[in-house]
Amino acid sequence: MFEQLLVSSAPVANPDFVVVPNNEFITGSALTTLTGLDAQTGKGSLMPQADTTPWLLIRDGGNTFMIPQKPLRYYITRAALVNSGLRGGKQVTIAGCVWSVRLFKGANLATSEWNKYMYSICDGNFIPPPPKRYATYTYAELGLTEVGNLGITTHVYETISGGFYVRGNNGSIGYINTLQNTEVFNSTGWRPILEYVSGELPW
């Protein structure tokens, strides 16, 4: 009996992967306003599904992240994101918690966040494989077959002034290319990664 009580009182581990509806977290338009991105030149346009797409919560060791299942904006410049403080991280309060809203660390390395987390939620065989598989969404389910499919990253292209890396397209989630800070196409998109800072998470 005593052993049973010990077992039943053990804390339940939080799941490593949770799909969070946007009405429990934040919509794409609300995040645009909250971060001040809507006041920037080159802010682009809201994706049609930005206010309905769910968020994917990933716990990795001591870190917790939120990633929108699909991009939130398209035809956006990296300059607009940088000018709004969203390259390295801008702290905001969402769902009673503080989050740092920033771009993916996306250089083409096995340790990049794009490789580590986007590969881990996408269906396919990757070399090298992600450390852990959380989900198996198709390219369409991740918004990689629509406008905004090129994920703007925090990584600059060191040999070209004003250059930076974009990741993913409708042919390969591992796609990598370089653009200029003010270059813009229908395919340039804002898929932020939100890093948990503090507060009591409800999930």
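Numbers here are sequence positions counted from 1.
Aromatic rings of Tyr117 and Phe65 (six-membered ring for Trp) have centroids within the 6.0 Å cut-off, being under it.
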Item to check | Chi angles and distances behind the side chain to side chain donor-acceptor pair (under 3.5 Å) call for Asp38, Thr33 | outcome: CA-CA 6 Å; Asp38 55 357; Thr33 300; 3.2 Å; yes
Next on the checklist: Before you tell me yes or no, could you show the steps for Val98 and Val92 under side chain to side chain contact (heavy atoms under 4.5 Å, CB included), namely the whole-Å CA-CA distance, both residues' side-chain angles and the distance that decides it to 0.1 Å?
Outcome noted: CA-CA 6 Å; Val98 178; Val92 298; over 6 Å; no
Next on the checklist: If you apply the rule side chain to side chain contact (heavy atoms under 4.5 Å, CB included), what do you find for Lys90 with Ser84, and how did you get there?
Outcome noted: CA-CA 8 Å; Lys90 186 171 191 174; Ser84 193; 3.9 Å; yes
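Applying the ring pair (Phe, Tyr, Trp, His ring centres under 6.0 Å) test to every pair with at least one member in residues 122-146, sequence neighbours left out, gives these pairs: Tyr119-Phe126.
A single hydrophobic cluster is seen to contain both Met47 and Val184, as judged by linkage of ILVMFWY side chains at heavy-atom distances under 4.5 Å, directly or through other members. Hydrophobic clustering keeps Phe185 apart from Val82 (ILVMFWY residues linked when any side-chain heavy atoms are closer than 4.5 Å, directly or through intermediates).
For the pair Thr35 (side chain) and Thr32 (backbone), a donor-acceptor distance under 3.5 Å is present. Of the possible donor and acceptor atoms, one in the side chain of Glu113 sits under 3.5 Å from a partner among the backbone N and O of Lys105. The main-chain N or O of Tyr165 is found under 3.5 Å from a side-chain atom of Thr153 such that the two form a donor-acceptor pair. Without hydrogens or angle criteria, Trp99 side chain to Met66 main chain gives no donor-acceptor distance under 3.5 Å.
From Ile67, atom CD1 reaches atom CD of Glu195 across 11.0 Å, with rounding to the nearest 0.5 Å. Separation of atoms CG (Leu72) and OG1 (Thr27) is listed at 9.0 Å; rounding is to 0.5 Å. If you take CG on Asn83 and OG1 on Thr41, they are separated by 8.5 Å, rounding to the nearest 0.5 Å. For the atom pair OG1 (Thr52) and CD (Gln49), the distance works out to 6.5 Å, reported to the nearest 0.5 Å. With rounding to the nearest 0.5 angstrom, the SG atom of Cys97 is 11.5 Å from the CG atom of Leu194. Between the CZ atom in Arg87 and the OG1 atom in Thr154 there is a gap of 4.0 Å [rounded to 0.5 Å].
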Just list the side-chain donor-acceptor pairs under 3.5 Å for residues 144-151, sequence neighbours left out, or say none.
{"unit_1": "Glu146", "atom_1": "OE2", "unit_2": "Lys70", "atom_2": "NZ", "d": "2.9"}
{"unit_1": "Asn149", "atom_1": "ND2", "unit_2": "Leu144", "atom_2": "O", "d": "3.3"}
{"unit_1": "Asn149", "atom_1": "ND2", "unit_2": "Glu146", "atom_2": "O", "d": "3.1"}

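Of all non-hydrogen atoms in Asp60 and Lys116, the two that sit nearest each other are OD2-NZ, 2.9 Å.
Using modelled atom types and a 3.5 Å distance limit, the side chains of Glu24 and Trp55 yield no donor-acceptor pair. When only modelled atom types and interatomic distance are considered, Asn177 and Arg167 share no side-chain donor-acceptor pair under 3.5 Å.
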